[in-house]
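Remarks on the structure that follows.
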Amino acid sequence: MDSMETIKQTFFQECEDLLQDLESGLILMNDGESDDETINSVFRAVHSIKGGAGAFELTELVKFAHIFENTLDEIRSDRLEASKEVLKVLLQSSDTLTDLFEAARDDVEFDDTERADELRAALQGFIGDKPEEASDDGGMPAMSMDDMGFEPVILDFDFGDDVDVAPDAIVFDIVFTPNATMYAHGNEAVRLLSNLAELGDANITCDRSTLPAFDDIDPEGAYLSWSIELETEKTEDDIREIFDFVEDDCELQITQRGGAPEGGPEDGLPDEDSAETPDIAIETTSEAPAMDNNEAVSAAPVEVASVEIEVKAEEKEQPKAEAPAKPEKKAEKKAAAPVQAATIRINLERVDRLINLVGELVINQAMLTECVVEAGLSRDSAVSSGLDEFKQLTREIQESVMAIRAQPVQSLFQRMSRVVRKAAQATDKSVRLVLEGEFTEVDKTIVEKLADPLTHMIRNAVDHGVETPEKRLENGKPEEGIVTLSAAHRSGKIVIEVSDDGAGVNRERVKQIAIDKGLIPEDAPLSDSEIDNLLFMPGFSTAENVTTLSGRGVGMDVVKRAIQSLGGRVTISSEPGKGSVFTISLPLTLAILDGMLVHAAGQTLVIPLTAIVETLIPKPGDIHHMGPDGRVLNIRGTFVPMIDVGYELGFRDSPTHSERSVVLSVETDGGTQSALLVDAIQDQRQVVIKSLEDNYGHVPSIAAATILGDGRIALILDVDNLVSSAGDSRASFDPTLVAAE
Amino acid sequence: MTETLHSDESELVAFVVGNQEYCVDIMKVREIRGWTPATALPDAPDYVQGVINLRGSVLPIVDLAKRLDMETTEPSERHVIIISQIRDQVVGLLVDSVSDILTVSNETIQPTPDVASEVAQSFVGGVLALEDGRMISLIALDRILPNFSTDTEVEVAA
Amino acid sequence: MPLNILAIDDSRTMRDMLKFALSDAGFDVTLAEDGQKGLDALDGYTPDVIITDINMPVLDGFGLIEGVRKMPGLRAVPILVLTTESSQELKQRARQAGATGWIVKPFDKVKLVNAIHKVAA
């Protein structure tokens, strides 16, 4: 990647942060909780986006950011009140800016120019017509930077050295008298003159007539003035350009000799002026020596000045005790600055390598433990207790390393407020998003992969959950619906909930749709929760008429799959008239898992602990046969389908009928219970999750692999997948099994 | 290797499968190691013996004999696994033994003759006739693996 | 001796660009991410030119310029202001604070280097 491309990537990354700052700032303002710094940071965000976008010629982005920035500037300077109405447009503009950014980042055509134009017009309306924007309204295909109020800076310095004064060269007479402020601003006459000399053939004369006696020199004063006779092909504007920075810090007269009298009224020709002040004249014919000479001569006073400055500065400042006061001031300022924990940016690869190594360490520690057991050392031997400490340390290291990858869900959550706004707008509903626990930290990969499913769930909540304002009022609810997005750590898991205060699942309709689509038999006696869970079935979509919003060919089954692929699960609970709650529970990390090691058909398998409800040894009398292969287990009066894990995975040809089998009662999505039959339980431990996909691919009913203490691989069971595929192979969905009491 | 390789030459690792000799480009070979028991995978093709742990990563073992339409290998301590890079995946090839490391001029690699079985032929990218009369088939590694992920993707969608 | 440039901008992108463009032009570059950090960087370090953004958190460009102009050894150091606004008002404020000149963003390398050469040898 070339450097500009790298920087562009940095810009895109930074944009994401800036857009977040922008949005959270605007939300604070909207909630009336902002201060001066909030509006400043909001302004800076848009400003920086515009600056970067300009550098990469992302004109659409620049165009929008520009008017956005101007509006924010008006607010910042108290010329425009940040009313609710204004903020609404600002928030929408922030969304569109995000869309524009995403289009630019993904290098795709921005497809909502209509909306962007609409918002630009709205923003323009707030700040009134400004001349610089006037030319922008015409919808010019290519925007020139002039329209933006940018000033083109054309500098062409290469000319000077080898220019032959062309026949049509013009002679300018320039008189340049710096004020003291010019030096105070860090400009130097010498440099300006040498730059000038590069424009053509220069004849520079220094007027030192006003230079006082040495002792009277104020080091910060300005006593010299120069007359320059410049023969050049360049225009007066080019000359003025050189003095661009100092135009207010000097007196500058430029007269074109023989040409149109562009300059001000001049009494006499500069020749005469220089004749009056011939003290020191540096006559030059070629530019290069001119520079040297100039420097040699005029450097003198300047240098004196700079030395003096230091001496005088101390003399001046010492008595006033300003110097010692300064560090204090600086310290104060530092203290006033917001306290921010120091952070470093680390390449993710390095973190992952470390995580992998720690994973190896965990495996290694397990191996050692096995060796100690094999060696027959007693539990309270020094080795064993040392090993326990080692185990503890390993676990701590692992947690610390995982914490590096953890990041708050805040940014993800904040993005959702945009989703809500858009969805509400598209459905003409009034919806507010409430965020809870947004500082909960979750593994970075999980955060990233949650974006899509969460977006879909939020959209669903607005589209299908929250009722129309009319209906809400009818039902005695406030017009504005509330969607709550919360995150929390709960017993070693991350729990994310999306809830709405809408109508709840319309079970009659859901069931009818499922029947119509042939997903369930007509007479299926389903419990409420089972009906709710139909939403997750592949091929189910509640939208009768496909709305623009949710009708993107994605159903809740896709959400469920996405969550499952993260090792999590999603459930729904709903109360008619009160709303629905979708609960996602996820592992804290994608790298380790608490699992139960079991044996089945000669294989060692890991079953995630989170799926296991209880383990039991079934009594023969509790097992009932149903059909050719089907068996159910009576667990305290409930008949639970049994799944022979070894058989189901194809590790044995026929189901085992061993009386020594052990049953793990597991709970799958929606609270359905199953009984997994295995040969034996080995132990319970933390395992490092290894991908099978990297070098192989997805394996049905298997979530991932892990490495055991002896270096061999054990497969980690995907319980939900196993149960559903076992259900498929047994027969079509027979809810009576579950419902039977 | 002290000799430098000319641009028109390839270095190949030759090995025995069944009683035939095959080879792969040495550049694709990560390492060669002894057999370690593999963990079986449910629903895997018959030529996939399972997965092993190679310094923390999980990689599949392909029984090359079975893949080439011969008898399934009953792996033992004598067998060898050639760890190879195939596209962006790392895969172990189960073979009987490694027989040779050859430097051959690319010209000596000839197209596969039609006599070989259809399955075998589809995995052979060419044959080499050596001066001592041996004939070695060059395995086209890219074709050894079905695209596992794509295969299963179809299954999930179905 | 390459010129030493202190470039101050709160935007990571802009810092990267400045670093890239200035290093490429043969300058030695030191970066700081806000005005206060810029002032901190000047402790024991005298750049030939300071380039600074205006809108920055903690201490903005104006504050930085004023701060620099108060530092005994740095009163004459050229300070160029990076700005997307070319408004006279902003230039005026920058000048009052003690800025030497300005560079209007988006800048290209030529523009940047020219501006530096305009104020420093």
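Residue A:S701: no heavy atom, backbone or side chain, is found under 4.5 Å from chain B. Interface residue B:A38: only backbone heavy atoms are found under 4.5 Å from chain A. Using a 4.5 Å cut-off between heavy atoms, A:L649 touches chain B through backbone and side chain atoms alike. Proximity to chain B (any heavy atom under 4.5 Å) is restricted, for A:I707, to the side chain, taken from C-beta onward.
Residues B:L41 and A:Y696 meet the side-chain proximity criterion, which asks for heavy atoms closer than 4.5 Å. By the 4.5 Å heavy-atom criterion applied to side chains, A:D694 and B:V58 are not counted as neighbours. Side-chain atoms of B:P42 and A:L715, non-hydrogen and from C-beta on, do get closer than 4.5 Å to each other. Annotation: side chain of A:R712 is in contact with side chain of B:T39 (closest heavy-atom distance under 4.5 Å).
Of the inter-residue distances, the one linking B:L59 atom CG with A:L692 atom CG reads 10.5 Å to the nearest 0.5 angstrom.
Among pairs with a residue in residues 12-25 of chain B, those fulfilling salt bridge (charged side-chain N to carboxylate O under 4.0 Å, His left out) read B:E21-B:R134, at least two apart in sequence or across chains.
Atom CG of A:D653 has 12 or fewer heavy atoms from other residues, nucleotides or ligands within 6.0 Å.
Counting only distance, with no hydrogens or angles, the side chain of A:N695 and the backbone of B:Q89 share no donor-acceptor pair below 3.5 Å.
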